[in-house]
Amino acid sequence: MMVNLYPLKEFRLPVVAECINPDIFHGKSLKEIEALEAWEGNKKKRLGDLFKVEVENTGSDQEATVIKINGDVSRVRRIGASMKSGEIIVKGDAGMHLGEEMRGGKITVYGNVLGWAGSMMKGGTIEVHGNTGDYLGAPYRGSTEGMKGGKIIVHGNVGREAGAHMKKGIIKIYGCAGQFVGFRMKGGTIYVQKDCEARAGACMVDGTIIIGGRIESVMPTFTIEGLRKKVKVEEGEVIEAPFYLFIGDLTENGRGRLFVAKEPNPHLSHYEKFL
Amino acid sequence: MELLIKNGFVYDPINGVNGEKMDIAIKDGKIVEKVNERRAKKIDASGMIVMPGGIDIHSHIAGGKVNAGRLLRPEDHFKDVEPKTAVTRSGVGYSIPSTFTTGYRYARMGWTTVMDPAMPPLEAKHTHEELSDTPIIDKASYPLLGDWWFMLEYLRDGKIEECARHVAWMIKATKGYAIKLVNPGGLEAWGFGRNVESIDDQVPYFGITPREIIRGLCKVNKLLHLPHTIHVHTNNLGKPGNYITALETMRCVEDLADDGKPVIHITHCQFSAFKGDDWRTFESGAEEIANYVNVHSHVTLDMGQVIFTDTTTMTADGPFQYTLYTLSGNKWTNHDVETETSAGIVPFHYKRKSYVHATQWSIGLELALLIKDPWKILMTTDHPNGGPFIAYPRIIAWLMSRKAREATLKKINPKARSRSLLPSIDRELDFYEIAIVTRAGQAKALGLKHKGHLGVGADADIAIYNFNPETMDPSKKYRAVRRAFKRATYTIKGGQVVVKDGEVLKHVDGVTMWVNIQLCEPCEIEVNENLRRRFKEYWTVEFENYPVSEDYLAVSHPIPVKADV
């Protein structure tokens with residue numbers, strides 16, 4: 001089953017539409033999908049009031065549902081929240097809390113995504129071909145239950161606190177990252193291909209952060225462990241370049257590993273005398 | 001206004017009514033002999049249970065600590081939201097609900113009186129502001145006095161009468177209800193980064209032991225004739241092996257009891273009933289405590305039942321909260337209140353699969369079921385420390401049904417299951433006993449004469465639950481019990497129907513109760529001279545700004561008491 005959604009207008013108010021979820025759409029008719037509940041500002045709306053819905057039945061019910069959103073939904077929040085299977089493809093920008101607490105399936109965005117994408121996710125994949133906002137894969141403010149599984153791939157840049165409180169899973173960022181990458185991280189892997197702002201791995205206890213570009217400074221609560229010739233990001237992705245390996249955050253008695261590429265960071269060379 | 005509740009199965013243990021079908025008449029907010037049958041509004045309660053409104057002897061619902069908990073945990077709120085209705089205000093909160101939500105949620109379950117058990121005297125104004133803001137339920141608060149410098153000095157010097165006068169002043173100044181001791185002596189030691197290990201350890205710089213503090217304040221309590229006994233959170237709380245401390249605490253006031261009346265209340269006893277040397281050898285000490293309580297009558301307890309959920313622990317026991325923080329590694333905050341007390345807050349998740357947490361769950365129920373006399377053990381979760389109060393219906397189901405206990409036992413840590421005493425306990429409480437542990441016993445322990453019963457003259461606080469004890473067996477239909485207690489069919493507060501079918505119909509103000517102690521002779525000047533000087537030296541507020549005046553309370557309800565000093 002394949003569902004096409006076209007926004008009927010340019011949304012001016014925040015829309016909360018956690019019903020845009022392949023598990024919920026699965027097996028429903030056009031009418032039923034249009035009748036699903038969503039909020040626009042403080043008004044309760046039907047999904048059909050906000051989107052033009054097209055349903056293409058591909059025959060078998062066994063097949064996973066695919067939702068295609070065509071157009072700008074940057075004001076639409078919680079798309080694909082808690083989804084377990086199926087696929088969402090967004091051709092345009094997407095709003096906050098995309099794939100929040102996602103458990104399976106795949107979300108692909110050909111555009112930018114606002115904050116909290118993949119927040120607290122437990123499984124599945126999110127791939128973003130543009131940039132993402134702050135709190136990528138991080139829990140809601142105050143919560144300590146971060147990402148527990150799954151995979152996030154961002155081809156552009158990300159904002160601050162990507163992967164905060166992360167426990168398991170992998171985040172790959174092929175652009176630059178903001179401050180506090182892997183803040184209070186407890187496990188899993190974060191890979192930043194390009195530059196990274198300061199305070200990477202602050203308060204991390206365990207897990208791996210790999211920075212391929214320049215970082216202004218490494219937190220003073222990290223200690224240098226050695227030089228590594230290559231680093232494995234995941235199965236089949238190994239980066240062959242010299243990396244400094246730091247261990248921290250010592251203020252939290254942490255054993256997290258922070259790899260920083262040697263070449264773009266000549267200002268860190270003074271650490272070598274401690275080896 | 002007149003109201004007549006017809007044909008309900010009435011459970012009123014204080015008056016010995018056990019499930020009899022009878023009518024309850026209400027006039028002007030009180031229960032009366034009879035009303036004009038034609039004029040009165042009638043409620044048909046046939047096939048339903050009628051009980052006095054629920055009472056909670058120990059629930060942290062207001063004050064600086066609770067508010068700090070709300071600030072610490074935005075994540076506690078965002079998933080639990082109450083929308084506004086025509087009569088209720090919106091609110092948030094799961095384990096630390098906002099004041100309005102607290103009032104509505106208690107009322108929905110049929111609870112009408114709640115005691116906040118830990119008020120730092122310096123923060124009495126804040127506590128009363130929040131209590132005044134909590135709708136529907138009646139409330140009161142216990143000032144924390146066990147580690148207050150004046151108390152430590154008076155008791156060290158053996159000046160029991162002076163101490164009693166000082167306590168009388170404190171209770172009046174803070175508009176408090178009972179004497180609360182938290183980790184007596186330990187909090188003062190915590191000011192120096194230490195703690196006390198047993199009730200015979202010295203408190204640094206004061207030359208006094210927890211035993212002397214407990215005994216001293218127990219004597220003070222008797223001199224002042226306060227309605228409730230001293231309310232004690234024992235030393236070494238939350239540490240393996242602490243059941244010995246709990247037993248010693250109960251034993252140390254044994255000789256102060258006369259004519260079998262309780263002189264001490266051990267609160268959230270589950271947290272004080274741990275056996276073992278460390279967390280690996282951790283075991284239940286419920287049997288030992290129950291054996292002691294079964295043969296002594298000078299003590300009442302409450303459960304402090306653990307619920308498997310995410311919650312926020314908060315106590316005035318700063319050193320314990322620090323230990324909990326080091327155990328859990330979670331975020332935390334603590335707070336030392338100028339020479340008075342200290343508190344801490346740590347978010348906590350009780351997990352079924354954790355051996356320690358599952359054993360704690362078992363201990364609470366073991367205590368409640370092994371202690372034979374239900375008047376001695378009252379139901380609480382120490383909200384929110386063991387779990388939020390909205391879990392009461394689940395505890396009632398566990399107490400009433402072996403099947404319900406077994407259903408949970410199946411899901412807990414296997415090692416905890418094999419060591420739990422619960423499979424060997426057949427006891428199932430009936431509705432009469434449930435009415436004791438949730439209402440009558442609580443009212444009796446608190447010395448609330450007009451609450452917890454349905455006799456003539458009592459406050460018309462009544463809960464009606466849709467469960468027919470004649471046709472349904474609570475031990476088999478425990479889910480129906482849970483449903484019934486979750487949403488009271490009617491909650492009547494002061495003669496007014498405030499809840500119908502679990503929906504709040506009306507906003508009424510509950511009263512704030514406090515004890516107005518009348519001393520034999522005026523002695524305030526003597527107390528004040530000393531106090532004024534010390535306030536200048538140690539407090540950040542002026543003495544004149546310290547007491548809570550009566551007009552500060554939304555609805556003040558002083559309870560007059562004549563003291564012996």
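Just so we're on the same page: letters track the sequence lines, and every chain starts at 1. Here the structure is a predicted model, which is why all the values come from computation and not from measurement.
- In this structure, A:G142 and B:P74 approach most closely via the heavy-atom pair CA-CG, 3.8 Å.
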N/O donor-acceptor pairs between chain B and chain A, cut-off 3.5 Å:
unit_1: B:K79; atom_1: NZ; unit_2: A:E101; atom_2: OE2; d: 2.7
unit_1: B:K331; atom_1: NZ; unit_2: A:G142; atom_2: O; d: 2.3

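- Atom CZ of B:R89 has 12 or fewer heavy atoms from other residues, nucleotides or ligands within 6.0 Å.
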